[in-house]
Each structure stands twice: as structure tokens, then as C-alpha cells.
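Chain A is the first sequence line, chain B the second, and so forth, proteins listed ahead of strands; every chain is numbered from 1. Here the structure is a predicted model, which is why all the values come from computation and not from measurement.
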Amino acid sequence: MECGSYQLIKKSSECGARLGKVYTTRGIIDTPVFMPVGTQGTVKGVAIEFLRGSGAQIILANSYHLYLRPGTEVIKKAGGIQKFNSWNSPMLTDSGGFQVFSLRNIRKINEDGVEFQSHIDGSKHFFSPEKSVQVQKDIGADITMCFDECTPYPADYGYAKSSMELSLKWAERCKKEFYKDDSYKTQSLFGIIQGSVYNDLRVRSTMEMLNIGFTGYAMGGLSIGEPKKDMHSVLESILPVIPENKARYLMGVGMPEDLWEGVERGIDMFDCVIPTRNGRNGQVFTSLGKINIRNAEFKEDFSPLDPDCGCPVCTGYSKAYLNHLVRARETLYLSLLSLHNIYFMINLTLKMRKSLENSTFIKSKKEFFEKYYSRDRLSED
RNA sequence: GGGGGUGUGGCAGAGUGGUCUAAUGCACCAGACUGUAAAUCUGGCGGGCUUGCCCUUCGGUGGUUCAAAUCCAUCCGCCCCCA
């Protein structure tokens, strides 16, 4: 099977949800899948052994960040990112396109590419589509992404249109660069659909991307501040256009509720920093809703984070103890809360896949939400 | 016994006649975080309500003044030096 190719196993009869597999050089990924983000080649605060234990199937890394440090030479010498970080399993690299968005005050964008001023030492670096592809080849992830502009929100129609068109031009160049040698035998390249919240732009972007032709298709520029209904509407306009035999990846999403909504509409892959970043900030996802473990109400709560979770954190530590670790700024909490949150997201996708096997997706979604929001309802009373 | 200093909000610590409910930090109470410049950021932190104002606060008491955390007297507490 070609790296990055998608196999549809089962389609939901109730909605757009699908059960499937993505084939990669380093393993087969069951979808829907949640991919933890490890920007610098490490999922912050989580050791590889624990990450593996969580059931994570594939993790992300970031081209821009790894290019700056430690540099692609080191990673090449190590034998690729999967050897460098000992993960030895499927990985995906983002192209640097998100940094075009997140570092927009220290970069200059033009037709040819983007000049970044390093956030580390201020030095200047030029990322073109070709450069991004080369970097991603050197890093060696199983799935690579086109270099794009993650269009900021809000963007007026004119900006969204030209930004989307720029990403299209860059996508063509990425593809050309990618297929220059035989990396395609071990790596794959996904296209990224842009167009902000304008459905006509999104559909055009999708059709043009399909025209160029990629192994998989990602939706970018979402969950960056736009109303949820806009994201849903964008998904609903794009997804029917993409052929069934291609993986659909919703980039940078998200919250548990976003995964349900995305999968329901036909998304196969997600990635997000939320489990780790929010974990580091004390926010914990549980089947009964999200909580901030630093809050006073948990000071003497000796129960586990989530009664329904069997992760090492829920098995071995109480809320009161974790509350203490956070207050005392003992660094252990960074790892423990990140790990639990990753387990939560991974288990969530596991639950979704099971429900798709049993054709009970909508029912499971409803049950999840009822429980997940029960805390909010209680506090409203 | 003599001399000097000091007492400010939960803590540390600015302020030394009006612009003071009193800087700042910590602690405390919440909130945010979505292809990671994030172990970060934001807000709150005397009481009351009609949200603009009222009341109560700078060791205690008494005074000076139109006005006192700020000046004076006195009491109480703490610290340092000498004996």
C-alpha cells in the first residue's frame, strides 16, 4: 500500500462518519485518529514509553521548529525523526504553514515564500514550498504537509481568496518538489484546503487541490477563532467533494466536542496541542466534563481525575495530590496532566471507532455529551 | 538603665499632609488556551447596593488641620546598639 493511502472500512448509515485505515511506512493507523502534537520532536512532558502506552498511533512534529533546532543535519544523521526520538512509529510533519499564521509579526510573506525571523535568535530564514518539502524529507516523517498560509481569522473575502490562491500555487510547487526523487516510496504528501469561512472559496480550493492530486487532504485555517457553526458549515461544504478513498484531516482540532462534530461530518484525522498545553495549564478532560485541577474544590478530593479512565494517572494519583502538585509547581504535574489528557483523547477516538463498528455513532455521541456537560448543568442549577 | 529604629491589606514591601482602598511581588479566587514563540496569559482579590456612589481600613487612643497611612502626644508591640 502506498504511504498515506486510505482504506474505507465502514461508512455510517446515520451520518458522514467513517471507519478506516491509513497506511504508512511505519504502520497502519486506525481512523478516526487523534494525533498528539510534538512540535520539537517530543510531545511536551510525555516520555515515549508513556505515549506508547496511551495507544497513540501517530504523532506530529514541526518542520520549522526542527529546522531551526537541532537542524535537519542532526536528524538526518540520526536516521530520521522516528529514530532520533525513539518513537519508531508513524509520524507527520507540519510544513511550517501554521507558523506563517502564528509568527505573523516576525515574518514577511510574498509570492515566492516566507521570510521568518527566528523566534530563537532573530536570524532570518526563508521558507519556500520547495524548502519546506526538502526539510520534511530530511526529517523523514511518514506523512508530510504542503507549505501553505494558514489564513488568519477574521479575513475579508478578498484576502481569504488571494491567500487561498497562494496556498494553491504553493501546493503545486510542493507536489513538484516532493516527486522529484523517490521519497514518495516511504513518505506521502497531503494537500491543505484553505478559504477561511467562505464556502465557495473552500469548495474551489478543494477542487483545485483534487486537480493537483494528493495522497490525502487536510482542512486548514479552522478553529482559529471563527464561530463553531462556520467551521461545521465549511466541513459540510468540503467533505462531500473529496473522494471516499482519501483521508480527510482536520488540522489543529481540537476539543472533545470538535472531534465528535468532525467525525460525524466525515473527518478521519485530527491533531491538537490542547491535551498537552491545557494539561500544563491545569485543565483536565474527564468523561464528566473539563475541570481545572488547580481549583480549590479539588484540594481535598481524593478521587481520581476521571472515574471512567484507566490511565496510569487515574489509577495512581488523586485529584487532591495533583492539585497539590500544581499549586506547588512541582514539575511532575506537567507530565501527569498531559498524559491523562492524551489518554482521554485517544480513548475518545477508540470509543468512536467502536461505535462505528457497532453502528451506534449518533447514540454514543449523545451519551457522551449528556455526561460531558452534566457538570455544567449541575452548576447552573 | 541609656541611645536609636520600627509597626501599612493573608505575607513581604512601597508610600511620609490632599491625586490613598493604598504601588509592586507573592499567596489566594476564577477564567482562557484548538496544524505549540505558551509549565503561559487574562481578570478578581475590605463591605454594601440602585455600579455610581456610600461605609470601613495603614498597631491602640487622643489631638493638630478644611484635609492624616503621612504631623504631634501618649500607650502598646517588635528590632538593634551600648551598659
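- Residue A:F101 is out of contact with every strand shown, counting any heavy-atom pair closer than 4.0 Å.
- Taking atom CD1 of A:I192 as the reference point, atom C1' of B:G35 lies 7 Å away to the nearest angstrom.
- A:D271 comes within 4.0 angstrom of the backbone, heavy atoms only, and of no base.
- Taking the six-membered ring where the residue is Trp, A:F116 and A:F127 present perpendicular rings, their angle passing 60° and hence far from 30°.
- OP1 or OP2 of B:C29 has at least one side-chain nitrogen or oxygen of A:R327 nearer than 4.0 Å.
- Going from atom CE of A:M35 over to atom P of B:G35 covers 11 Å, rounded to whole Å.
- The nearest pair of heavy atoms linking A:S188 to A:G4 is OG-CA, 3.6 Å.
- A sub-4.0 Å separation between OP1 or OP2 of B:U40 and a side-chain N or O of A:R329 is present.
- B:G10: Watson-Crick or G-U partner is B:C26, with both key distances under 3.5 Å.
- Contact check, A:Q99 against B:G35: no side-chain N or O comes under 4.0 Å of OP1 or OP2.
- Residue contacts shown for A:Q194 include a base, since a base heavy atom lies under 4.0 Å away.
- For B:C81 and B:A30, the C1' atoms lie 50 Å apart once the distance is rounded to whole Å.
- Using bins of under 30°, 30° to 60° and over 60° for the plane-to-plane angle, the ring pair A:Y217/A:F214 lands in the perpendicular bin.
- Nucleotides B:G4 and B:G9 have their C1' atoms positioned 29 Å apart, rounded to a whole Å.
- B:C26 and B:C41 have their P atoms separated by 10 Å, with the value rounded to a whole Å.
- Note on ring orientation: taking the six-membered ring where Trp is involved, the planes of A:Y372 and A:F368 are parallel (angle under 30°, cut-offs 30° and 60°).
- A:N358 and A:T360 share no side-chain donor-acceptor pair at under 3.5 Å.
- The shortest distance between side-chain heavy atoms of A:L68 and A:H119 falls below 4.5 Å.
- Remark: A:R294 fails to qualify as a cation-pi partner of A:F298 under the 6.0 Å distance and 45° angle criteria applied to the six-membered ring.
- In terms of phosphate contacts, A:N278 brings no side-chain nitrogen or oxygen within less than 4.0 Å of OP1 or OP2 of B:A39.
- Atom pair A:Y67:OH and B:G35:C1' shows a separation of 20 Å (rounding to whole Å applied).
- Whole-Å rounding puts the A:F116 CZ to B:A37 P distance at 10 Å.
- Close to B:U36, at under 4.0 Å from its OP1 or OP2, lies a side-chain N or O of A:T39.
- Residue A:Y249 is the one, among A:Y249 and A:T331, whose nearest nucleotide of RNA chain B lies closer to the 5' end (criterion: closest heavy atom).
- Comparing B:A30, B:U34, B:G35 against the side chain of A:S95 picks out B:G35 as the nearest.
- Of the candidate nucleotides B:U34, B:G35, B:A37, B:A37 has the atom lying nearest to any side-chain atom of A:L103.
- Rounded to an integer number of Å, the gap from A:L259 CG to B:G35 C1' is 14 Å.
- Taking the C1' atoms as reference points, B:A69 lies 7 Å from B:U8, given to the whole Å.
- The partner of B:C45 cannot be assigned: no Watson-Crick or G-U wobble pair with both contacts below 3.5 Å exists in any strand.
- Within the 4.0 angstrom heavy-atom criterion, base atoms lie near A:Q283.
- Judged by atom type and distance alone, A:N62 does not reach the base of B:G35 through any side-chain donor-acceptor pair under 3.5 Å.
- Pairing for B:U21 is absent, with no Watson-Crick or G-U wobble pair whose two atom distances lie under 3.5 Å.
- Comparing B:A23 with B:C78, their C1' atoms sit 26 Å apart, to the nearest whole Å.
- Using atom P as the reference point in both B:G2 and B:C11, the two lie 33 Å apart (nearest Å).
- The same atom, C1', is picked in B:C45 and in B:U24; the two are 15 Å apart, to the nearest Å.
- The separation between A:R104 atom CZ and B:G35 atom P is 14 Å, rounded to whole Å.
- Between the NE2 atom of A:H119 and the P atom of B:A37 there is a distance of 7 Å, given to the nearest Å.
- At the heavy-atom level, A:I120 lies nowhere under 4.0 Å from the strands shown.
- When rounded to the nearest whole Å, the span between CG of A:N292 and C1' of B:G43 equals 14 Å.
- Across all non-hydrogen atoms, the minimal contact from A:E226 to A:V197 is CB-CG1, 3.9 Å.
- A:N105 comes within contact range of at least one nucleobase, with a heavy-atom separation under 4.0 Å.
- In the set B:A37, B:A30, B:A39, the nucleotide with an atom closest to the side chain of A:R294 is B:A30.
- The side chain of A:T276 lies closest to B:U36 when the candidates are B:G35, B:C33, B:U36.
- Using Watson-Crick or G-U wobble geometry with both donor-acceptor distances under 3.5 Å, B:U61 finds its partner in B:A73.
- Within the nucleic acid shown, A:G221 comes within 4.0 Å of at least one base atom, counting heavy atoms only.
- No engagement by A:I224 is indicated, since no non-hydrogen atom pair under 4.0 Å with the nucleic acid exists.
- Both tests do not hold together for A:K363 against A:F361: distance to the six-membered ring centre under 6.0 Å, angle to the ring axis within 45°.
- Within 4.0 Å of A:K299, counting heavy atoms only, lies no atom of the nucleic acid at all.
- Under 3.5 Å, the side chain of A:R277 and the base of B:A38 form at least one donor-acceptor pair of N or O atoms.
- Comparing B:C54 with B:U19, their P atoms are spaced 14 Å from each other, to the whole Å.
- If you check every strand for non-hydrogen atoms under 4.0 Å, A:D148 touches a base.
- When each of B:U34, B:U36, B:C29 is scored by its nearest atom to the side-chain atoms of A:M255, the top-ranked nucleotide is B:U34.
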